[in-house]
Amino acid sequence: MRKKAVCSIAVLGCIVSVAAGCGSRAVDADMELAQNDVGAIAVSEEVQVVGLGEASHGVSEYQEMKAEVFQALVEHNGCRTFVIEGDFGNALKVDDYIHGGEGTAKEAAARIGFRIYRTEEMEALIEWMRAYNETAGEGADLHFCGMDMQWADSSKEYVLGVLEQIAPDAGAAYRDALAVLNDADMYDISQETFEQCLPVAERLIQEVDGARESIVEMLGDETFVIARECARSIYNCCDIRRSDREYNAVRDRHMAEKVQWFMEHGDGSVIFINGHNGHIGKVNSANYDCLGGLLAQQLGDSYFAIGTDAGVTSFNSQTDDGFEELTVENQNALTTLAGRTEQDYYYIDLEEAAADDGWDSILSDKQRMTSMNVTVMTAAKAFYTINAAPGDMYDAMIVFGEVSPTTLDQ
């Protein structure tokens, strides 16, 4: 059973006949069930985690949408935690900035790690969070977090900085032992090196655990909790990168663990997570358990997944030297409907829509949905789409007729 998102918003108000699935059969879809004011989205009280996916990382509308959905959840559901598909340790630097830290929003966006986030759209979100926190009441401040673990410098800086205050010799020894793990060389480090660093990171976790009483007494319980999670992030980084074959499965499993950690150490309010559709969806087309699938298993109806798609996708595709703008097309039943709306996009709650025969036919039939990462290596549609039933993957969708590239920060 899908969960219903509660939306007190204007509806589109028409019935449209479109081709469903492979395009050979026409159905009537009641567009009064679709909404066009994303800013009014709210989820039911049973929901603990809301995931918003993006069909491509390099799209302006998707980056803007993550801000709009998060802001709606802040207003309507008391959400306080924004979690991005970015490094845990690096996100601590962004969280410091939105709590009044030095620097600029541009510098904060660059600290997330991945080049795809160095955009004006991401800076606007970070700046909004900082402004919100300036007037937020006690305990109502927002937090910027990362659920990925593919970098090491920021996590090392935090945990070793803490350990060196408690046990200087031990801290220095771990700094030397883990010096080979550095962000500048991360993509050149061998799998054998990650394998060798794995037990070192495990011992670091044990070292922090052994120093818990001293850390709490000198620096506070929160510092201990974060330091330990930074140590665990270093371990996770090694675990993810030591194997090509298991990379995706291990990464998503560790990201699911991070989300659980945020739930355990948060304030009990709704948590918002954002990443690629392939992570957020409840079903993965590849042969492994994705983040969204793991959360759906663990949380049941308390996990609410929102996917995205577009008929025409113009995006920034990452290259070795930077980015290039590319355009791909993928018309399906969902994206065709977006072209019939005044604003060229709509939000649809899939449980509510499934009560309509036309929508149920669209949502239950497999169709090609756009799914690109940071680049497209081939123009063949099979390589930038997945064939799946929307109703199996998501609880809701935001669908566009056409989307445009992010505004990169030079």
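Contact check on E229 versus K258 returns a salt bridge, with a Lys/Arg side-chain nitrogen under 4.0 Å from an Asp/Glu carboxylate oxygen. One finds no salt bridge joining E107 and K93 here, because no Lys/Arg side-chain nitrogen approaches an Asp/Glu carboxylate oxygen to under 4.0 Å.
Applying the ring-ring contact (aromatic ring centres under 6.0 Å, His included) rule to Y288 yields no partners; only residues at least two apart in sequence or on another chain are considered. Residues passing the ring-ring contact (aromatic ring centres under 6.0 Å, His included) test with Y174: none are found, sequence neighbours excluded. Under the salt bridge (charged side-chain N to carboxylate O under 4.0 Å, His left out) criterion, R203 pairs with no residue at all, not counting sequence neighbours. Residues passing the ring-ring contact (aromatic ring centres under 6.0 Å, His included) test with F70, sequence neighbours excluded: F82, F272. Remark: W128 pairs with Y132 by the ring-ring contact (aromatic ring centres under 6.0 Å, His included) rule, at least two apart or across chains. For H265, the side-chain contact (heavy atoms from CB on, under 4.5 Å) partners two or more places apart in sequence, or in a different chain, are V225, W261. In this structure, the side-chain contact (heavy atoms from CB on, under 4.5 Å) partners of T319, at least two apart in sequence or on a different chain, are D321, E324.
Within the 4.5 Å cutoff, no side-chain heavy atoms of M218 are placed close to those of T223. In this structure, the side chains of L92 and C230 come closer than 4.5 Å at one or more pairs of heavy atoms. Using a 4.5 Å cut-off on side-chain heavy atoms (C-beta onward), I234 and V159 make contact. Proximity of I189 to M186: side-chain heavy atoms (C-beta onward) are separated by under 4.5 Å at one or more points. Considering only heavy atoms from C-beta on, V47 stays 4.5 Å or farther from S302 through its side chain. Two residues are said to be in side-chain contact when any heavy atoms from C-beta on lie closer than 4.5 Å; R130 and I126 fail this criterion. Counting heavy atoms from C-beta on, the side chains of H57 and F114 never come closer than 4.5 Å.
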Return a table of donor-acceptor pairs under 3.5 angstrom between the side chains of residues 399-406 and protein atoms on other chains or two or more places apart.
from	atom 1	to	atom 2	distance (Å)
S404	OG	E61	OE1	3.2
S404	OG	E61	OE2	3.0
T406	OG1	N316	ND2	2.8

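Counting only residues at least two apart or on different chains, the salt bridge (Lys or Arg N to Asp or Glu O under 4.0 Å) pairs with a member in residues 236-248 are E195-R242, D239-R242, D239-R253. Among residues at least two apart or in separate chains, side-chain hydrogen bond (donor to acceptor under 3.5 Å, both in side chains) pairs with a member in residues 209-221 are D209-R228. Applying the side-chain hydrogen bond (donor to acceptor under 3.5 Å, both in side chains) test to every pair with at least one member in residues 267-276, sequence neighbours left out, gives these pairs: K66-N274, D267-S269. Every pair passing salt bridge (Lys or Arg N to Asp or Glu O under 4.0 Å) that includes a residue from residues 81-91 is listed here, sequence neighbours excluded: E85-R251.
With hydrogens and angles ignored, the 3.5 Å screen pairs a side-chain donor or acceptor of T341 with a backbone N or O of A338. Proximity of a side-chain donor or acceptor of N284 to a complementary backbone N or O of D289 within less than 3.5 Å is not detected. Under a 3.5 Å cut-off, the side chain of Q35 and the backbone N or O of D37 do not form any donor-acceptor pair. Y394 places no side-chain N or O within 3.5 Å of a backbone atom of G281 that could act as its donor or acceptor partner. Between the W151 side chain and the N90 main chain, no donor and acceptor come within less than 3.5 Å of each other. Side-chain atoms of K282 do not come within 3.5 Å of backbone N or O of C290 as any donor-acceptor pair. The main-chain N or O of A396 is never found under 3.5 Å from a side-chain atom of D349 such that the two would form a donor-acceptor pair. In this structure a side-chain-to-backbone donor-acceptor pair under 3.5 Å is missing from N36 to Y346. A donor-acceptor contact shorter than 3.5 Å is absent between the side chain of D185 and the backbone of D188. Between the side chain of H99 and the main chain of D95, a donor-acceptor pair closer than 3.5 Å is present.
The distance from the CD1 atom of I306 to the CE atom of M65 is 10.0 Å, given to the nearest 0.5 Å. Atom CD of E64 and atom OG1 of T119 lie 9.0 Å apart (nearest 0.5 Å). Put simply, CG on L326 and CD on Q318 are 12.0 Å apart, with the number rounded to the nearest 0.5 Å. Within the model, atoms OH of Y187 and CG of D183 stand 9.5 Å from one another, a figure rounded to the nearest 0.5 Å. In this structure, the separation between CG on D252 and CD1 on I240 is 9.0 Å, given to the nearest 0.5 Å. Atom NZ of K156 and atom CG of L204 lie 10.5 Å apart (nearest 0.5 Å).
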For this session: Starting from the C-alpha separation in whole Å, work towards a yes-or-no answer on side chain to side chain donor-acceptor pair (under 3.5 Å) for H143 and D141.
Result: CA-CA 7 Å; H143 290 278; D141 56 315; 3.3 Å; yes
For this session: Take E325 and S314 through the side chain to side chain donor-acceptor pair (under 3.5 Å) test and state the conclusion after the steps.
Result: CA-CA 7 Å; E325 292 188 6; S314 296; over 6 Å; no
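Each of I273, N77, V270 was evaluated against V50; a single residue qualifies, V270, per the side-chain contact (heavy atoms from CB on, under 4.5 Å) test. Partner of R368 under the side-chain contact (heavy atoms from CB on, under 4.5 Å) criterion, chosen from T335, D309, T385: T385.
Remark: the E127 side chain and the Y97 side chain contain an N/O donor-acceptor pair separated by less than 3.5 Å. Looking at Q191 and S243, their side chains never bring a donor and an acceptor atom within 3.5 Å of each other. Counting only N and O atoms by type, the side chains of S60 and E121 include a donor and acceptor under 3.5 Å apart.
For D176, the CG atom is densely surrounded, since the number of other residues' heavy atoms within 6.0 Å is greater than 12.
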